[in-house]
Amino acid sequence: MSMENSIGIGLLGAGTVGGALVRRLVGESDAIALKTGLTFDVRKIGVSRLHAERDFAVTEGLLTDDPFEVVNDPTVDLVVEVMGGKDPAGDLILAALEAGKPVVSANKELIAARGPELIAAAERAGVPFLFEAAVGGGIPIIRPLSETLAGETLDRVIGIVNGTTNYILTEMEAGATYLTALEQATDLGYAEPDPTADVSGADAAAKAAILASLAFGTWVDPSNVYTEGIEELTAVDMSFAAELGYVVKLVAVCERKDAGVNARVHPAMVPKDHPLASIRGATNAVFIEGAAIDSLLFSGPGAGGDPTATAVLGDVIDAARETLAGAQVAPRIRFSPGEIVPFTDIPTRWYVRLQVDDQPGVLAKIAASFGDEEVSIRSVWQEGVDQEAALIVVTHQAPESAQRAALASITAIPEVIEVASVIRVLGASK
Ligand SMILES: NC(=O)c1ccc[n+]([C@@H]2O[C@H](COP(=O)([O-])OP(=O)(O)OC[C@H]3O[C@@H](n4cnc5c(N)ncnc54)[C@H](OP(=O)(O)O)[C@@H]3O)[C@@H](O)[C@H]2O)c1
């Protein structure tokens, strides 16, 4: 194919993902052309540091520090947004779509915040807006959810969608403290210098919002995603979890109930025989449960320049194919209004670790607090040291609000020295 027929690519950003994408588009162009019949030509790249060293060949005029120049360049047919952040990425994407240019983005933060607006703009323009890399990095999950499984009634999607926290938890399982494990994650480049978005669960919450929206067809705003991070987890709970037959994971749970949908992110005790229990280190996974399909597990590298660039490149090829076909592109997903069920209404199971005065009758009082809220107890474990005892209670499923009410009355029992931790236990679907 001659250069005239090649598709002009404009990149917004050339960092970890963008740099890897440029190297692939240049270095593997022959292989891509052989396999797809398409040739791509990177025509403009927007960066913030014009003179920084790059790990790809920079020709005269390729780079600009004005990202709108990329979008407005008449030789750019397709825009790839890999700069991150909500601003100016959102306005750049809108400008590209309004100019009739297909857009590929890897930006979970922006899509979680402004997804419906961007998807509607693409629909108006009749061009593709694809974001396979926004959740799960190199794992194909957006396309399976929005296309392959479009005809399936999905009940629940559970993801391990943050590699940094899964790495930290895997290390803690092997005995490391939270802080040592976090330090290791930073040294290995998994964690950002400021790891707040990862360890607080905010990154996973943006992904949960996107997964729930695509799985159930009702848009879930990240502000509706109950979010708890891993900062409070201790090695003690990790080892109790192991003794009880669980591993602790930071999970994004998206569920469809009769009353509506719910998405949440929190640490959870995952039974050792559940497929998600075996997802270790920085690996990500998404476990999908549906009426006809039963269950599916997708797993692989959730981040990293090369794997993520593979997902972006797949979108670029897909968008180019659709655009070359010439017709207006049909929307891939439609959102309809629906109820968001508050987390407090969702049935959960709890593991509660208490520090108590080892006196007769304390267990009865704790059991009564649960009983008053109609939370039944599944198992109790006690380990005494001198006058104090560690008491572990695992409950059956009851509404989150009932579990919280029981805990409030337990906290008021004089013999209860401390509620050391509360971790939810992953329950069966429905
Ligand atoms: N890294 C991953 O493993 C991964 C995985 C999945 C999804 N993602 C998503 O992919 C996106 C990019 O991530 P990344 O890790 O590649 O980020 P990165 O390494 O920080 O790269 C960001 C790039 O955007 C440029 N940039 C930032 N702000 C800009 C502005 N205002 N104007 C012009 N250029 C600007 C930067 O320019 P300079 O190079 O000059 O600084 C850099 O080239 C994010 O949305 C991220 O969430 C990343």
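Side chains are part of it too, since the values below use all heavy atoms of this structure and drop only hydrogens, waters and symmetry mates. Remember, it's 1-based here, ligands and their atoms both numbered in the order they're listed.
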Location of contacts on E192 toward ligand 1, heavy atoms closer than 4.0 Å: neither
Presence of salt bridge, E255 and R264, under 4.0 angstrom: yes
Distance filter under 4.0 Å to P88 heavy atoms, resulting ligand 1 atoms: 31 (N)
Distance-only N or O hit between ligand 1 and A14, under 3.5 Å: yes
Which of the ligand 1 atoms, numbered from 1, are nearer than 4.0 Å to a heavy atom of K108: 47 (O)
A303 N/O to ligand 1 N/O under 3.5 Å: no
Closest non-hydrogen atom pair, E132 against I141: OE2-N, 2.7 Å
R404 to Y226, cation-pi by 6.0 Å centre distance and 45° axis angle: yes
Closest non-hydrogen atom pair between E228 and L250, with its separation: O-CD1, 3.5 Å
Residue G13 vicinity, atoms of ligand 1 by number, heavy atom under 4.0 Å: 23 (C), 24 (O), 25 (C), 43 (O)
NZ/K272: more than 12 non-hydrogen atoms of other groups inside 6.0 Å: yes
G15 N/O under 3.5 Å from ligand 1 N/O: yes
Sub-3.5 Å N/O-N/O distance, A133 and ligand 1: no
Heavy-atom gap A52 to ligand 1 smaller than 4.0 Å: no
Flag if over 12 foreign heavy atoms under 6.0 Å of CD, E69: yes
Residue part near ligand 1, for T308, under 4.0 Å between non-hydrogen atoms: side chain
Protein heavy atom under 4.0 Å of atom 20 (O) of ligand 1: no
Sub-4.0 Å atoms of ligand 1 with respect to non-hydrogen atoms of G304: 2 (C), 3 (O)
For M83, the ligand 1 atoms whose distance to one of its heavy atoms is below 4.0 Å: 22 (C), 24 (O), 26 (N), 27 (C), 28 (N), 29 (C), 30 (C), 31 (N), 32 (N), 33 (C), 34 (N), 35 (C)
From the candidates N107, V17, L92, D65, the one that places a heavy atom nearest atom 1 (N) of ligand 1: V17
side-chain contact (heavy atoms from CB on, under 4.5 Å) between T36 and R321, worked out: CA-CA 9 Å; T36 67; R321 277 189 186 131; 3.9 Å; yes
Enclosure of E117 CD (heavy-atom neighbours >12, cutoff 6.0 Å): yes
Sub-3.5 Å N/O-N/O distance, E81 and ligand 1: no
